[in-house]
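Below is one structure, written out as structure tokens, with a few remarks after it.
Only heavy atoms go into these numbers, but all of them, side chains included; no hydrogens, no water, no symmetry mates. These figures come from a predicted structure and were not determined experimentally.
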Amino acid sequence: MAGANNMLASFSFPHKEINRTNTDHPMYHPLNNYHYAINHVSGKTTTYEVPSSFLSSSKKKKWKTCMATMEEVKVDASSFSKLTATVNIRLSNEVNVVKKLMKSFPWLYSQNDSLDKSVEKGIGFQLVSTQVDPSTMKPKMSKESVKGWSKCTSDQKDKDTGCFTFKVELVIDADFGEPGAILVRNNYEEEFYLDTISLEGFFHFSCNSWIQPTQTSKQKRIFFANKKITLTRFGLETSPSKIKELTNSTKENLCIFTKSNTRGLKDLRAKELENKRGDGNGLRIASDRVYDYDTYNDLGDPDKGAKHARPTLGGERDPHPRRCRTGRPSSSTDETAEKRIDTLTSSIYVPRDEVLEGARPAEFLMGTWKGLIRNILPLVATSSNKNGISRDLADVADLYKTAPQVDQKGLNRFGLLNFLDVTGSINSMFKFETPKNLSWDTTSYIRDDELGRQTLAGMNPISIEKLQVFPPVSKLDPSIYGPTESDLKEEHIIGHLNGLSVQQAIDENKLFVLDYHDIYLPFLERINAQEGRKSYGTRTIFFLTTMGTLNPIAIELSLPPDDSNISSRQVLTPPVDATTNWLWQLGKAHVCSNDAGVHQLINHWLRIHACMEPFIIATHRHLSSLHPIFKLLNPHMRHTIAINATARESLICEDGTIERDFSPGKHSMEMACAAYRDWWRFDLEGLPSDLIRRGMAVPDDSKPHGLRLLIEDYPYANDGLLIWSAIQELVDSYVNHYYPEENVVISDKELQSWYSEAINVGHVDLHEASWWPKLCTPKKLTEILTILIWISSAQHASLNFGQYHYGGYVPKRPPLMQKLIPQVHEIEYAHFVADPQGYFLASLPSLFQSTKYMAIIDIISAHSRDEEYIGDIKDVCTNWPGEPKIIEAFYIFSMKIKSIESEIERRNVDTRLRNRCGVGVPPYELLIPTSEPGVTGRGVPNSVTM
């Protein structure tokens with residue numbers, strides 16, 4: 001009888017291959033049979049022999065009849081009692097330091113009995129079979145094997161990163177069956193990160209999770225093997241795509257067999273989901289991995305006083321999606337508000353595996369330090385300027401062009417420059433990177449054509465709409481907000497329509513509008529009551545030129561009606577002299593301020609960050625890691641909960657970046673809630689539906705994407721539709737593989753629970769809306785998943801990673817305004833006439849306000865070195881082993897994404913496309929799939945990474 005190692009060598013790579021010529025219907029066999037099959041993308045099928053100890057005796061007999069044409073493999077099953085698992089782990093930084101010290105100075109720890117004992121305890125591993133033991137009706141399990149650090153040799157670890165690779169021998173019975181899961185216990189005193197476990201090269205466990213010590217978590221961690229999802233009966237494999245060919249009785253038999261064959265894992269799957277759901281009680285601690293829901297009741301700090309309190313987001317008054325629950329106690333003065341944390345000493349709870357890891361924390365810290373340094377000089381300049389206002393545009397330009405000469409030697413006394421990774425002149429530390437738009441055009445305000453271009457190819461290209469009726473009509477209550485009809489008249493625009501009447505221009509799809517009237521007007525009294533904040537509800541009419549570009553031809557600025565006889569509305573048109581020129585520039589600045597607020601509060605925060613979080617929480621609570629939909633969504637869920645928690649700490653909270661840097665101020669999140677209540681619809685968040693809703697496209701089956709754009713050169717839409725279609729085709733193939741019939745979708749309890757909870761708990765304030773898609777068919781499932789993946793990848797990229805390059809020169813795109821446009825009867829008008837540029841600069845944020853804002857958008861516009869971009873398929877074969885159709889679908893998707901990148905680069909040099917190519921026109925790169933690290937203005941990550 002040969003030893004275990006010799007016998008295992010008979011099925012370790014390289015293997016004897018059995019090639020089949022019929023590639024149309026390749027024969028794939030589940031791992032609980034004699035052969036493991038891989039169908040490469042090329043179509044070649046290779047079958048490898050696997051240990052017979054993974055087979056029950058009854059299956060061996062049945063399988064022999066099915067495999068009569070194959071070469072018989074004779075093995076002694078009793079010999080396969082030991083299997084070798086290769087384990088990859090990573091220590092936390094603290095534990096890695098201790099291990100290095102122990103290796104170098106063991107005598108320092110010789111008296112530390114507690115540490116020595118904990119080190120020797122090691123990590124416990126225990127295999128779980130997919131089969132149950134008839135005598136106990138519980139899953140068959142191997143004996144627990146324990147491995148200690150001391151047994152890890154030096155060539156099995158990366159000393160610098162704390163990564164270890166070691167082997168563990170696991171003992172199983174001869175009739176163990178197929179391994180379906182592995183239990184892991186951490187007997188050390190510190191956590192470690194378990195990356196992967198590979199069992200003899202055949203079974204792979206993608207763990208990717210922090211394992212807590214037993215004194216923190218008594219429960220063993222459960223990880224399931226990556227394997228093909230099949231319906232199996234008596235050794236005959238039936239993939240989901242073949243279900244339609246079977247009779248109803250055969251389908252029933254297959255399902256019965258599958259349930260009995262995998263019931264060894266059923267309880268473990270339920271237990272793992274139960275652990276992640278928690279019980280909804282108690283304070284969550286950093287080591288927990290519990291996903292639960294709560295309202296946004298932690299944005300204010302009422303214990304500091306009433307002015308620091310903020311309303312709860314979520315509920316009848318301010319409807320809003322739910323966030324991840326932390327369980328922190330109530331504040332002392334308001335039991336409905338959660339107590340704020342000290343962000344200098346702690347962080348908001350997120351499930352342990354959601355915490356940002358790798359290079360991201362260090363990059364974020366480095367960006368923060370650089371931002372602080374870049375704000376030193378503006379702070380000094382503002383302090384020396386009584387009003388904090390830039391004296392002229394040169395003050396702003398100097399932020400990019402020059403920097404003071406500083407004594408580098410003195411500054412580096414404490415190694416600060418080394419920490420900040422300074423590789424060039426110290427001067428570069430005190431100046432901001434030049435935004436791409438500023439590189440092309442250094443004028444003090446945004447040009448008319450550039451304002452039009454940015455509605456189609458800027459950082460907020462999803463607000464522009466076709467003008468449906470003129471004058472525009474408000475949906476607000478006229479008894480509160482005045483007449484619903486706009487003050488815009490035909491005489492305001494008729495001279496800019498190239499000879500067309502207004503109705504002809506509408507009928508020929510020549511008029512478009514940015515309409516922020518109804519969004520802002522209900523909040524303007526409160527906004528304008530704040531110090532240093534002044535805003536309007538704006539409407540801007542654009543005319544489509546023969547060159548395919550948009551030109552603004554009228555701006556309406558509205559304030560809430562009052563009791564005076566003075567109109568609360570004014571209309572500006574393109575200038576005819578110096579006075580109207582400066583009024584026009586001020587009007588455009590207010591339009592950009594409105595646009596910046598809607599972009600950040602509604603289109604970015606609400607529609608992406610906030611609305612995605614409930615789906616992510618529900619996914620972890622109801623979809624097992626074995627579930628095909630969990631596997632599909634997992635790359636698109638990473639980082640979002642952690643980044644949203646960071647936003648609650650410093651961005652959307654009381655006195656956070658949003659309140660400080662945008663015109664709505666402390667009423668910002670209430671505006672987002674109003675948009676969620678009155679306007680947001682999940683079913684219209686997909687790109688084609690959104691374009692049609694805004695009137696920017698009409699259905700047209702003869703076109704490649706099933707619609708026709710009304711503006712042919714619409715860079716965001718043109719590039720976005722390529723990515724949308726690629727995602728949709730991948731999801732369609734994926735869903736139809738696992739869910740070929742309606743009843744498979746309807747009968748999937750995990751899937752139905754996931755979707756139901758995301759709506760009825762995560763989006764409970766809108767759960768009664770009739771527009772939610774019904775999860776009842778494969779087509780509807782494809783629609784839902786495509787929207788989720790689109791939002792978290794390409795839609796987020798288009799709105800986030802251009803913020804610095806499009807918004808980094810504040811005079812062109814101010815996030816807030818400090819003055820209204822002066823009226824002839826006002827005292828301010830004389831000041832405006834005397835010094836129009838000074839009035840313009842005084843209306844903008846101060847220099848210090850500008851640089852604080854620039855520092856923030858510089859950080860959040862940056863890509864990490866660890867970024868994972870759409871189309872990356874490095875883990876596909878690991879996550880879907882034995883699934884050749886799925887692997888092939890991902891390979892096709894990856895190739896399409898690469899071709900999309902080439903197509904976008906081709907478009908960006910096409911001189912016929914004036915919205916992305918030409919003098920003073922930067923290329924549109926936000927939807928180019930890949931990017932280098934840093935602030936590049938391009939790149940589509942898989943998930944919401946900032």
Any chance the side chains of Tyr806 and His599 put a donor and an acceptor closer than 3.5 Å? no
Any side-chain heavy atom of Ile789 sitting closer than 4.5 Å to one from Leu632? yes
Answer yes or no for Arg323 and Trp605: cation-pi contact, defined as NZ/CZ to six-membered ring centre under 6.0 Å and angle to ring axis within 45°. no
Could you go step by step and tell me if Arg938 and Glu932 meet the salt bridge (Lys or Arg N to Asp or Glu O under 4.0 Å) rule? CA-CA 9 Å; Arg938 58 178 284 170; Glu932 296 296 321; over 6 Å; no
Output field: ring centroids Phe682/Phe615 closer than 6.0 Å: yes
Salt bridge check: are Lys779 and Glu783 linked by an N-O gap of less than 4.0 Å? no
Indicate whether the side chain of Asn760 and that of Glu757 have a donor and an acceptor atom separated by less than 3.5 Å. no
Option from Arg322, His320, Arg677 for which side-chain hydrogen bond (donor to acceptor under 3.5 Å, both in side chains) with Asp765 holds: Arg322
Side-chain donor-acceptor pair present, Asn226, Ser206, cut-off under 3.5 Å: yes
Results of side chain to side chain donor-acceptor pair (under 3.5 Å) for Asp713 - residues two or more places apart only: Asn915
With a 6.0 Å cut-off on ring centres, are Phe630 and His620 close enough? yes
Any chance you could measure Ile641, atom CD1, to Met612, atom CE, to the nearest 0.5 Å? 10.0 Å
Return yes when atom CZ of Arg693 has more than 12 non-hydrogen atoms of other residues, nucleotides or ligands closer than 6.0 Å, and no otherwise. yes
Residue list, side chain to side chain donor-acceptor pair (under 3.5 Å) with Asp515, at least two apart or on another chain: Arg539
Would you check if the distance from the ring center of His737 to the ring center of Trp880 is below 6.0 Å? no
Among Trp771, Trp772, Tyr755, which residue meets the ring pair (Phe, Tyr, Trp, His ring centres under 6.0 Å) test with His763? Trp772
Heavy atoms, side chains only, cut-off 4.5 Å: are Ile464 and Phe542 in contact? yes
Say whether, by atom type as modelled, one donor and one acceptor occur between the side chain of Asp866 and the main chain of Gly358 under 3.5 angstrom. no
Results of side chain to side chain contact (heavy atoms under 4.5 Å, CB included) for Arg914 - residues two or more places apart only: Met547, Thr549
Kindly say whether the aromatic ring centers of Trp754 and His627 come within a distance under 6.0 Å. no
Side-chain (Asp748) to main-chain (Leu751) donor-acceptor, under 3.5 angstrom: yes
